Structures are given as structure tokens and as C-alpha cells.
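Data first, discussion second: the structure below is written as C-alpha cells.
Since the model is a prediction, treat every value here as computed from it, not as a measurement. We count ligands from 1, going down the list as the structure has it; atoms in each ligand are counted the same way. Excluded from the calculations below are hydrogen atoms, water molecules and symmetry mates; all remaining heavy atoms, backbone and side chain alike, are included.
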Amino acid sequence: MSSASKACVIGAGPNGLAAAIVLAQAGRQVDVFEAESIAGGAARTMELTLPGFLHDFGSAVHPMAASSPFFSSLPLKDYGLEWIHSPAPLAHPLDDGTAVILERDLNRAKSCLGADGKAWSDLMQPFVEHWHEFAPEVLRPLPAIPKHPWLMARFGMSALLSAKTIAGRFQSDRTRALFAGFAAHSFLGLHEPLSGALGMMMAIPAHAVGWPIARRGSQSIADALCAHLASLGGKVITSSRVESLDSLSGYAVILCDVTPRQLVVIAGRRLSDRYRRQLEKFRYGPGVFKVDYALSEPIPWKARDCLRAATVHLGGSFEEIAASEAATRAGQHASKPFVLLAQPSLFDPTRAPAGKHTVWAYCHVPNGSKVDVLANIEQQIERFAPGFRETVLARRVFSPADLESMDANLVGGDVGGGVLDLRQFLFRPTWRHYATSIRNLFICSASTPPGGSVHGMCGYHAARMALTRTG
Ligand SMILES: Cc1cc2nc3c(=O)[nH]c(=O)nc-3n(C[C@H](O)[C@H](O)[C@H](O)COP(=O)(O)OP(=O)(O)OC[C@H]3O[C@@H](n4cnc5c(N)ncnc54)[C@H](O)[C@@H]3O)c2cc1C
């Protein structure tokens, strides 16, 4: 194998592994260097509390992985990846002891959302029906010439709207609260442009492909990618942190599944001053404060319907969720934070010993926050599930710094690889997207388009660009 066909990838997260597979498919000999002892980055699963309890360290619910045009082209099922769908994708409990349940089937959702059913369906339907054409359009850098202009034009009409404006189409506080939960995934204030489109980008796949979890945890996604890479001759070398490009010789192409701050350190003075300055201006988003629980029994939800959904949004009304996200954006800690909660063991018995359960929960906090918000998270869970604390056998808390110590890409606890506001949506991390000021060096992490989530599309597009530009 000549050195001209040797490539390496720094980082074995979903994007690094996707990039490695594209390079290997093109006949390159690929080595992936991973700092941690297990590949997968923020898609790893570990016994974080008690023996026999498997917890997702990072990603837990996978609408984007299930939608990913690249992952869908790979035989990941043959390597053990299996999606599990809870009966409903999402539950959103409210103070009256009921919950808004989002049904996966759009027609059922339409009838369950009552007076707002038609407005919800009108908003989602064109994109749900054409999701398989729409997903590749939005999971790539923009602006680009769309293959489905009418669909993109229709989405573009909502794209700049805030979540507040879109929620204004609904009559019921219940539907407005439901939409707020989707939009809060964006880490933006719910009055900010793009927060509405990002909310839609969470809600549309809930109908189109569901919000599945992976059997045995998100590690199954990483393991399947590694196994497929191995079948193409690629190697993943774990416990190998790359500190500098100086340690990598003989590679014709280098792709970096790292964020801009790390790229500046790794590539150092080799980067042009101008490009380095652009990377230094990259802005990270809020962090998260996460808790993993081992439970003696399922969560005692007041609204028993919550047991039908793998994901539960805790935050109450639109106004409360908007206040929580506004506080985080302003560098403050919400006393009633919006909490994202997953209860995978209800639907996947491999996650916990028989009869016991695992729960994953987090809320947004300012980047790098050192404040302990465990009590605030648990108050929110207790609010909708009194008696929750009595079911806790063990808990493991992750501050933003704890998360970053286990995955260097989680800078200050930012799980999205950088703010996804309008500027960093278009120029991510710079106008060059995956290219850098060095001809054979590319960046391929969630800090490039289309951004965070497990979909591998950043790695896919970066590797395609690398192949085109380096021959
Ligand atoms: C708590 C949490 C919850 C999340 N929930 C979801 C969810 O439910 N659904 C979803 O789709 N997404 C979720 N995400 C986001 C998703 O996990 C990420 O967007 C995705 O993993 C990004 O992939 P990546 O390959 O860009 O980076 P990462 O997954 O972060 O992988 C980067 C890899 O590079 C390695 N690395 C970094 N620096 C070096 C170096 N110098 N040398 C060698 N290796 C290095 C790291 O160790 C890591 O393995 C969540 C993330 C977190 C942390």
C-alpha cells in the first residue's frame, strides 16, 4: 500500500467513523486514532452506576441516526444494530396530571391533538411524506442547490421563524408546550430565529422514522460502524490521543473529528494565521448537566401514559420552557430547568437487571458551569412523578467538566459541537466548512455541517470533499 493511499482520522465518534468508512470504501487504507479506551465518542454505553445497568454516556435517542442517508446505505444491521421503537415517540407531562403524547403516526397525532391536530399536521405533513428526499437536503451544508426546490422553499418559509412564532399557530397550551420541548433541543432561545425550524427538525422525524433507541444502547451504533470499517480493512486504535500533527507522518489525508479549539492545538502553527483566527472565533453553546439513574422500578409518573414513550420532556408550559432556555442563553441557571429524560429499559430489557430500570436525564446550563443542579433536575422529575426519589438505587452525576473529561469534543459540556445560530449554521466552523488552510487536512466533527446529533453526515461530507480535493 503506497503512502499516497494512506489516510487517518483523529477521533472515533460517529462522524470520525463515518469519515473513515467513506475513505475505506474509496480504497484508502485508514487508521483511526481514538483518545478514549472505547470507540464511539458521545455514542458510547457503559455501566455508569451499578453492575448490570447499561447507561448511554451521551446520545440515547436516535431519530437522526435512523434517518441518516449514509448510515442507511451501510449494512449496520448485519453488525448487530437494531432499532427499538417505544409505542409513542414522546411524552410531555403537565401539572394537571395528564400528558401530551405524540403519536408516531401523523393521522393519529392529528386526532389526538384535538383542535390543533390540523395545524400540526399541515405544518409537518409535506416533510414527513417526503422525509427520504428532505433528509439528505437538510443534512448537508447550506446553501446548496436543492434537488427538491419546492420542498426546501416550503421549509425555508418556516426556517427563519422562532419557535414562539410557530407555536402561535396552535390554540391549545398543550400543543404549544409540546412544540416548545422540541424547539428547546436547539439550545437557542425560543424567540430566536431558527429555533422554530430546529424544533420542526426534531418533530418531523418523530412521525417519519420515529425516535428509536438502539438495542443495548448507542454503543451498538458505534460498534456496528467499527465492525463495518474493519470489514473494509480500516483500523481503530484506541487509547491514542493525538496531541499534534507532528506525530502523524506518512498519511496523505488527515480528517479530524475534533472541534475548532482542539484543531488549533493539534495543527498549531501549520494553520494559516487567518484560518486560525477564524477558528478561534468559533462559539460554543451552553453545556449540559447530566444524571444517570439506576432505579428499582419504572418512574411513578402521575400520567401513566408517559410509560408509553422512551423520551419524556419535563418543563411544563411553553412559557416555562422558554424561560428556562432564555436563562441558559443569558448565562444563568434556571430554577425550573427544561429536562430531557429517556427511559430506555422500559423497552429494551438488555439495559438493566430484570425488573430494574435505567434513566438518563439532563438539562441545559451555561457553558462550563460548575453549579450543581441535581436538586433542580430531581424537583422537575418529582413534579410529574412524585415518589421518584424513593426508586433511585444509584445515580451518577456528570457536570460539564466531567463530560469533557470523557470526550474532549464536549467543550464546556456543549453536546452539539458549537452554537447552531444563523451564522454558525451557514458558516460552520468557517465558510470553508470541512476544508482547512492545509490542503490535506479536514475537519469532520459536529462542528461542521449539518451539526450535532448522531447521523455521521459531517464525516460523510468531509470525507467526500477530502477524496475530491486530494485525488
Ligand atoms: C449527554 C449527551 C446527550 C446527547 N443526546 C443525543 C441524542 O439523544 N441523540 C443524538 O442524536 N445525539 C445526541 N447527542 C449528540 C451526539 O452524541 C453528538 O452530536 C455526536 O456524538 C457527535 O459526533 P462526533 O463524531 O462529531 O463527536 P463525538 O461523538 O464527540 O466523538 C469525538 C471523538 O473524538 C475523540 N477525540 C477528541 N479529541 C481527540 C484527540 N486529540 N485524539 C484522539 N481522539 C480524540 C473523542 O474521544 C471522541 O471519541 C448527545 C450528546 C451528549 C454528550
How far is [atom] from its nearest protein heavy atom, and which residue and atom name does that atom have?
atom: atom 46 (C) of ligand 1; result: Asp407 OD1, 3.4 Å
atom: atom 43 (C) of ligand 1; result: Ala35 N, 3.3 Å
atom: atom 41 (N) of ligand 1; result: Val242 O, 3.0 Å
atom: atom 17 (O) of ligand 1; result: Ala42 CB, 3.2 Å
atom: atom 32 (C) of ligand 1; result: Asn409 ND2, 3.3 Å
atom: atom 20 (C) of ligand 1; result: Ser453 O, 4.0 Å
atom: atom 14 (N) of ligand 1; result: Ser59 CB, 3.8 Å
atom: atom 11 (O) of ligand 1; result: Val454 N, 2.9 Å

At under 4.0 Å between heavy atoms, is it the side chain or the backbone of [X] that contacts ligand 1, or both, or neither?
X: Gln262; value: side chain
X: Val258; value: side chain
X: Leu17; value: neither
X: Trp360; value: side chain
X: Ser218; value: neither

Are [X] and [Y] close enough that their ring centers fall under 6.0 Å?
X: Phe134; Y: Phe155; answer: yes
X: His364; Y: Phe187; answer: yes
X: Phe388; Y: Tyr293; answer: yes
X: Trp211; Y: His185; answer: yes

Just which atoms of ligand 1 are under 4.0 Å from any heavy atom in [X]?
X: Phe33; result: 43 (C), 44 (N)
X: Ser445; result: 26 (O)
X: Gly452; result: 19 (O)
X: Tyr362; result: 3 (C)

I want to know if ligand 1 touches [X] in the polar sense, i.e. an N/O pair below 3.5 angstrom.
X: Leu403; answer: no
X: Ala446; answer: yes
X: Ala43; answer: no
X: Cys444; answer: no
X: Glu34; answer: yes

query: Should Arg308 and Glu103 count as an ion pair when the cut-off is N to O under 4.0 Å?
result: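 Result for this pair is yes, salt bridge flagged.
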field: Arg383 bridged to Glu320 by N-O distance under 4.0 Å
entry: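 Answer for the salt bridge query: yes.
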- request: May I ask you to check whether over 12 heavy atoms, not counting those of Arg423, lie within 6.0 Å of atom CZ?
  value: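 Incorrect, the count does not exceed 12.
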Tell me whether [X] reaches ligand 1 (any heavy atom closer than 4.0 angstrom to a ligand atom).
X: Gly417; result: no
X: Ile266; result: yes
X: Met64; result: no
X: Gly451; result: no
X: Phe398; result: no
X: Ala60; result: yes

